[in-house]
Amino acid sequence: MKRQLEIDIADLVMCLSSTVDLAYPSLNNHHTQVAYISLEIGEQLGYNNGALAELLIAASLHDIGAFSMEEKLESLKFDFINPDHHTEVGYNLIKLYEPFSDIADIIRGHHTYWNYGEGYVYRGFKVPFFSHIIHLADRVSVLIDRDREILGQVDSIVSIIDKNKGRLFVPGLVEIFKDIASKEYFWFNLVSQNLSDIIDEFIQPHVYLFHMDDLVQLSKLFSAIIDFRSSFTATHSAGVAQCAENIALYMRMDEDDRKGIKAAGYLHDLGKLAIPSEILEKNGRLTSHEYNIMKTHVYYTYVALNTVNGLEEINRWSSYHHERLDGSGYPFHLNAKQLPLGSRIVAVSDIFVALIEERPYKERLSKRQVINIMEGMVKNGGIDGEIMSILKWNYGYIYDKTAIAQTKAKELYEKIKESLS
Ligand SMILES: [Fe+2]
Ligand SMILES: [Fe+2]
Ligand SMILES: [Fe+2]
């Protein structure tokens, strides 16, 4: 793998938010819509491409706190009581990735009322102007009824926004919005199935040279968003990333490849964002219907990462983790010839971490039990024997490293939860 990857950071963020939007079809691609409205307003304000990219990233992630932890869909009603919960969770999650500290501030303020000018600060922190743009865009999005023809709704949406000028929204932004809202194309775009492509054409690619370390850090942020949806999974991806990195080390992969493997471990269950939480949180065995839905997660990991140029190899390592060497895995039924080493490592790590994890409905397995089960899978032609023997002969070390990573993830999960009470 190359030392640096050229990646459009907006693409990378949108691959996360569009996966989140899949979980709630009734919410009309909420993140994507809010991103689009914000961009239209930003363009009218004459922002340059860098500023638009920042606005796009913040808008695409704005409700991530609601979807990640104890999600409450309350925020998707026009008038709701307590927005502090999901804005704080979102802020605390996003700021985990240091280069996104400004984005975190924007997200924290995205429900602040303008309150006739008082809304530039909230509880002692300065509310960025972008927060107010996203607030307006967000409220427009929640007012759209997806079951009705769109142009017939424009007058009532505009009048509700206008009525709240000054109190909820910055007056100048309301005027810009009214101007945009007078053009039919805006509404047609907003309810288009291709809204992500429309956004893509709207702004120039904002390509960053990602050092492998940056990519690992950003993937780690994604993994927190993915894992924190359920206390059962709160440490899973952190464990898989750590285990996979250690196996890669024993396999003498070079440093950049090891970082790539680690990122793949963090991202492997990205598609779980598209799985309803009742299924993720289910205390017990899944029915066959639920299992069918669960199986889609790895397909969505693939689809999401596939939209990001530069991530092709990491995508293969991530989203082939339920493939098996004998072709019996899913969803592509690839075989030994088609499965690269990275994918095999992530697959073994995923199984290992799942076996050592505690769940309310299953007993903790001993080292012997874990090895027996996994060696059975090697014998049946499912997983790679060489990787398995590395895991077996270095069991204690890999186990400890993995457990430490999971403990750290658990502490973070608890800390963010606590900050809410
Ligand atoms: Fe929100
Ligand atoms: Fe929202
Ligand atoms: Fe998985």
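Computed from a predicted model, the values in this text were never measured in an experiment. Atoms within a ligand are numbered from 1 in the order they appear, just like the ligands themselves.
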- [ ] Starting from the Fe ion (ligand 1), look over the N/O/S atoms of Asp63 and name the nearest one.
- [x]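 That would be atom OD1.
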
TODO: Is it possible for you to check whether Arg167 lies under 6.0 Å from the centre of the six-membered ring of Tyr116, through NZ or CZ, and within 45° of that ring's axis?
DONE: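 No - Arg167 does not lie over the ring of Tyr116 by the 6.0 Å and 45° rule.
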
Open item on the list: I'd like to know if the Fe ion (ligand 2) has an N/O/S atom from His62 within less than 2.8 Å of it, counting both backbone and side-chain atoms.
Closed with: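 Yes.
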
Open item on the list: I'd like to know: is the Fe ion (ligand 2) within the 2.8 Å range of an N/O/S atom from His30, strictly under that distance?
Closed with: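 Yes - counting backbone and side chain alike, His30 has an N, O or S atom under 2.8 Å.
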
Open item on the list: I'd like to know if the side chain of His110 pairs up with that of Ser131 as donor and acceptor (distance under 3.5 Å, no hydrogens or angles considered).
Closed with: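 Ser131 and His110 do not have a side-chain donor-acceptor pair below 3.5 Å.
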
Open item on the list: Could you check whether atom CD of Glu98 has more than 12 heavy atoms from other residues, nucleotides or ligands sitting under 6.0 Å from it?
Closed with: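 Not buried by this count: 12 neighbours or fewer within 6.0 Å.
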
Task: Ion pair check, Glu245 and Lys401, cut-off under 4.0 Å - done: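 Between Lys401 and Glu245 there is no salt bridge, as every charged N stays at least 4.0 Å from the carboxylate O atoms.
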
Open item on the list: Suppose we only allow N, O or S atoms; which atom of Asp138 ends up nearest to the Fe ion (ligand 2)?
Closed with: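 Of all N, O or S atoms in Asp138, the Fe ion (ligand 2) lies closest to OD1.
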
Task: Working for ring-ring contact (aromatic ring centres under 6.0 Å, His included), residues Phe352 and Tyr395 - done: CA-CA 10 Å; Phe352 171 68; Tyr395 195 94; 5.5 Å; yes

Task: Main-chain N/O of Ser230 paired to Glu281 side chain as donor or acceptor, under 3.5 Å - done: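 Flag not set: sc Glu281 to bb Ser230 has no pair under 3.5 Å.
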
TODO: Give a yes or no on whether His268 keeps an N, O or S atom under 2.8 Å from the Fe ion (ligand 3).
DONE: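 Coordinating: no.
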
- [ ] Give, rounded to 10 degrees, the angle between NE2 (His297) and NE2 (His322) as seen from the Fe ion (ligand 3).
- [x]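 If I round to 10°, I get 90°.
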
TODO: Check all N, O or S atoms of Asp269 and name the one closest to the Fe ion (ligand 3).
DONE: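 Relative to the Fe ion (ligand 3), the closest nitrogen, oxygen or sulfur of Asp269 carries the name OD1.
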
